[in-house]
2 protein chains.
Amino acid sequence: MTQNSDTPARLIDAATRQFAARGYPGVSIASVAQELGLTKQALLHHFGTKDRLYETVLDRLGDRIMAALGDTGDIVKAFDHFLDHAGANPDDAALIARELLDHDARAETGRQWFLIPFLNRLTALARSARPDFTDAEALAEVYAHLGALLTYVVSGPTLRGVYGKKVLRGLDEALPKVLRKQAKRRFLAKKTARKV
Amino acid sequence: MTQNSDTPARLIDAATRQFAARGYPGVSIASVAQELGLTKQALLHHFGTKDRLYETVLDRLGDRIMAALGDTGDIVKAFDHFLDHAGANPDDAALIARELLDHDARAETGRQWFLIPFLNRLTALARSARPDFTDAEALAEVYAHLGALLTYVVSGPTLRGVYGKKVLRGLDEALPKVLRKQAKRRFLAKKTARKV
DNA sequence: GGCTTTACGGACCGGTCGGTAGGCTATATA
DNA sequence: TATATAGCCTACCGACCGGTCCGTAAAGCC
């Protein structure tokens, strides 16, 4: 650690932002390195290849979103925490959305996809909240809810540019309410008659 | 029309597939042209620049999705038609999802975004089904539903690769049901006391 | 038959891509 | 003090990028 020992972490941060904003093919390793005033060779020194940089970014992302769910056994709270996290870290949401679009296009040699533990966790929570669900139904409900949540968080900048700030402020007020209400309706019914 | 007069249309088809699969920065005009055995100069002859090719692709997409909604006044039916269309044309869904992610990053000189009429139409239908909604609430419900639908259609290939065909078949059976049930719950309530 | 237009291909341009080779410097260790 | 190593650089490579220039063959128009 002769010079700046946290360079790898800062490169990961920059790469996370750029991959989220422009996607894998839209980002050059030179532009990531340039963000901290380095050359691309410095980046290659730390990560070897662009692909390994990207995989590292996804690894960290996987850790963050699992942590965001918390250790609650309540799926509504888990989605609540995740919405908070995604709202505060839209880059994370964008990267997830991009992976849903692009994952099958990339080679992904061997390793397990970073979203699998996340989806499995949510599906398990859904099944424990609604034992009347089949596995497929639980995954479907989780997936539909996650899709609505991600699309909303992800399109913020786009819709702000298109509709203007005022409309978007209304959306930012209404949509989280819609999502929370929907989570309750989705997962808190049948078998588990509920309070509030 | 000396040689092949429908070349532009075929180029648009190829470009639609490739942009949907790999996104704007991931597609080279040479690879699009190559799909019909042409060189990139042929493509540039017809469209001038890569950007104009992409805009043409979005124009056609905008026409298709508006047509897919049909002329019904019933938002549940409109979403039903759109789900059918998106299921049969996953490239269209992928392009919309990519635009939601990327639109603000591109310059988009002047012209109106192709999704605006689509979103406006759906929002208007939502408001007429639920006069108790504010504009923001209607847009939020439309957007949440659209997000769930798009994410589902778009992630098909990815999830198939990750979960295997069997799980995905279960999802393909369960998720459309979830979406249809949800559309009814979203838009057919209050003021319009319900049957079914 | 001359002229223009359409539809391409070949050659090439400046620039950028990911990646390699090798060198320099500051620190850590012996 | 000698050596090793981490961190980063300059220089360079072949491949590819979007785009221009120019030629050419076929068809339409007069």
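Residue numbering restarts at 1 for every chain, and letters A, B, ... go by the order of the sequence lines.
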Distances under 3.5 Å between nitrogen or oxygen atoms of protein and nucleotides 14-17 of chain D:
{"from": "D:dC17", "atom 1": "OP1", "to": "B:Ser28", "atom 2": "OG", "distance (Å)": "3.1"}

Whole Å only: how far is the [atom1] atom of [X] from the [atom2] atom of [N]?
X       : N      : atom1 : atom2 : result
A:Tyr24 : C:dC17 : OH    : C1'   : 11 Å
B:Leu11 : C:dA7  : CG    : P     : 11 Å
B:Leu38 : C:dG10 : CG    : P     : 11 Å
A:His46 : D:dG7  : NE2   : P     : 5 Å
B:Phe47 : D:dG19 : CZ    : C1'   : 16 Å
A:Gln34 : D:dC9  : CD    : P     : 12 Å
B:Leu53 : D:dG19 : CG    : C1'   : 14 Å

Should the pair [X]-[Y] be classified as a salt bridge under the 4.0 Å nitrogen-to-oxygen rule?
X        : Y       : answer
A:Arg64  : A:Asp59 : no
B:Arg121 : B:Asp71 : no
B:Arg17  : B:Glu35 : yes

query: Choosing from D:dT20, C:dT20, C:dG10, which nucleotide comes nearest the side chain of A:Leu44?
result: C:dT20
query: Has B:Thr49 got a side-chain N or O lying under 4.0 Å from the OP1 or OP2 atom of D:dG18?
result: no
message: Does D:dC8 have its OP1 or OP2 closer than 4.0 Å to a side-chain nitrogen or oxygen of A:Thr7?
response: yes
- request: For A:Gln41 and for A:His45, find the nucleotide of DNA chain D with the closest heavy atom, then tell me which residue's nucleotide is more 5'.
  value: A:His45
message: Would B:Arg130 pass as a cation-pi partner of B:Phe133, given that its NZ or CZ must be under 6.0 Å from the six-membered ring centre and within 45 degrees of the axis?
response: yes
field: is_close_aromatic(A:Phe19, A:Tyr24), centroid dist under 6.0 Å
entry: yes
message: My understanding is that only one of B:Phe82, B:Tyr152, B:Phe79 makes a ring-ring contact (aromatic ring centres under 6.0 Å, His included) with B:His145; could you say which?
response: B:Phe79
query: Are more than 12 heavy atoms from other residues, nucleotides or ligands located less than 6.0 Å from atom CZ of A:Arg60?
result: no
